[in-house]
Amino acid sequence: MRLTPITIGNVQLKNNVVLAPLAGYTNYPFRRLCKGYGAGLCYTEMVSGKGLKYGSENTEELLYTDDAEGLCAAQIFGNDPEILRAACEHEKVAPFPIVDINMGCPVPKIYKNGEGSALLEDPILAEKIVKECVKSGKIITVKFRIGIHDSKLITTEFAKRMEGAGASLLTIHGRTKDKIYAGEVNFKEIESAKKAVKIPVIANGGVFSDADAEKLMAETGADGVMVARAALFDPQIFCALTGTPTENKFEMFQKQLKWTQQVCDERFVVVFMRKMAAFYVKGMRGAAVFKERLFKAQTPEEILHLAEQIWKE
Ligand SMILES: Cc1cc2nc3c(=O)[nH]c(=O)nc-3n(C[C@H](O)[C@H](O)[C@H](O)COP(=O)(O)O)c2cc1C
């Protein structure tokens, strides 16, 4: 796809292809991998504003980063403007110049709490949240969906409101909350919102190849694309989208495992890398047998050995 730099507030991204926030996946090692393969920006998984306020250790772990990773955006969720502003000002968020507010999460527990996609139904509160978070001095961005269901699409109105409140970039997932992750992406909604605002707009939904990314850009006029599920199956999708050289899958896996070991305990490494390996073999010959062995593996060394067998032979 056509690469262009994007400016968000006073930060310039090297290109307009970004890794989405993915709860349970976009931890430090995974983001570092995607960045190395060309992603112009990566987002942490969503982090609870309340979790930060009450000092949840688990929440703080989600915000691990270092200089090797470089520029990264943190994503937070919640519905209390003061708590979310305090989250932006939290010491664990200090390394992230950009903070994204989640206004799209469809998970029932989050929605019922009035957080994530529930904010689409309360644009005045959404606006207050952005205004309050902007006061923290962070560059504030918003990721949202086109509405709750197809009978009431709110994209353009909501985009204008978020821009007015001080957001520096919008990411629009072109599906309603009711569609979760399935179904067609509504290009028209994204296009109309893009035309209505001056800040950059990133389009999200259904990018699994370079052709998909080009189509999404062409149909919506967006400034860039965000890739989510495709990166789980193959982080090197960013190589295809940005022209970055690829590497052997085993080398990729080994690198990710090493970085995960650097920052996580062994139990997490085993569970997480088993999950990742299962994604990476999708569609390969012998994948079913591999996965059976994989889920019996109890140590990082066993997992690496299995990975070597499937990708090096
Ligand atoms: C496992 C999983 C976890 C996700 N976690 C988040 C999240 O933490 N924050 C967020 O804004 N969106 C989250 N999403 C939504 C994605 O960022 C993205 O908007 C959605 O998957 C559509 O993009 P895609 O069609 O490229 O997958 C998640 C999606 C999946 C499948």
Side-chain angles (χ1 to χ4, degrees), residues 1 17-28 30-31 34 39 41-49 51 58-59 61-63 72-79 84 87 96 98-111 113 115-120 126 129 140-147 155 162 167 169-187 189-190 201-217 219-220 222 224-235 237-238 240-241 272 275-276 278-279 282:
M1 66 172 263
V17 181
V18 308
L19 169 69
L22 285 158
Y25 296 99
T26 54
N27 52 26
Y28 161 79
F30 187 74
R31 296 193 310 265
C34 294
L41 181 68
C42 301
Y43 289 75
T44 67
E45 51 193 285
M46 61 182 205
V47 169
S48 158
N58 180 263
T59 302
E61 272 171 18
L62 300 177
L63 291 167
C72 174
Q75 191 192 56
I76 59 173
F77 74 95
N79 63 4
L84 290 175
F96 303 90
I98 303 167
V99 179
D100 187 73
I101 319 282
N102 181 319
M103 300 197 189
C105 182
V107 171
K109 200 176 99 188
I110 305 278
Y111 175 74
N113 267 350
E115 302 169 328
S117 58
L119 290 166
L120 302 173
I129 289 172
I140 302 299
T141 66
V142 177
K143 179 169 179 281
F144 68 98
R145 288 180 180 248
I146 59 174
T155 326
M162 295 304 101
L169 169 129
L170 304 173
T171 302
I172 307 176
H173 179 186
R175 298 185 179 99
T176 57
K177 176 230 164 210
D178 287 357
K179 293 259 168 68
I180 316 279
Y181 305 115
E184 298 285 296
V185 170
N186 188 327
F187 298 133
E189 280 295 299
I190 303 177
V201 169
I202 303 267
N204 168 236
V207 173
F208 287 87
S209 66
D210 191 45
D212 293 337
E214 273 178 13
K215 182 159 192 226
L216 188 57
M217 292 281 285
E219 298 277 343
T220 62
V225 297
M226 174 180 272
V227 180
R229 287 165 299 168
L232 293 179
F233 293 106
D234 184 10
I237 178 140
F238 291 104
L241 298 182
F272 182 67
K275 260 193 318 190
M276 293 316 305
F279 272 117
K282 189 163 187 269

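Both ligands and their constituent atoms are indexed starting at 1 by order of listing.
Remark: A87 pairs with L52, I76 by the side-chain contact (heavy atoms from CB on, under 4.5 Å) rule, at least two apart or across chains. Here F279 pairs with Y25, L232, F233, M276 under the side-chain contact (heavy atoms from CB on, under 4.5 Å) rule; sequence neighbours left out. Partners of A23 under the side-chain contact (heavy atoms from CB on, under 4.5 Å) rule, at least two apart in sequence or in another chain, are E45.
Pocket lining of ligand 1, defined as residues with a non-hydrogen atom under 4.0 Å away: A20, P21, L22, A23, Y25, M46, Q75, N102, K143, H173, R175, Y181, N204, G205, G206, A228, R229.
For the pair E189/I172, no side-chain contact is recorded, criterion being any heavy-atom separation below 4.5 Å from C-beta on. In this structure, the side chains of V17 and V207 stay at 4.5 Å or more apart for every pair of heavy atoms. Under the 4.5 Å side-chain criterion, counting only non-hydrogen atoms from C-beta, T171 is in contact with N204.
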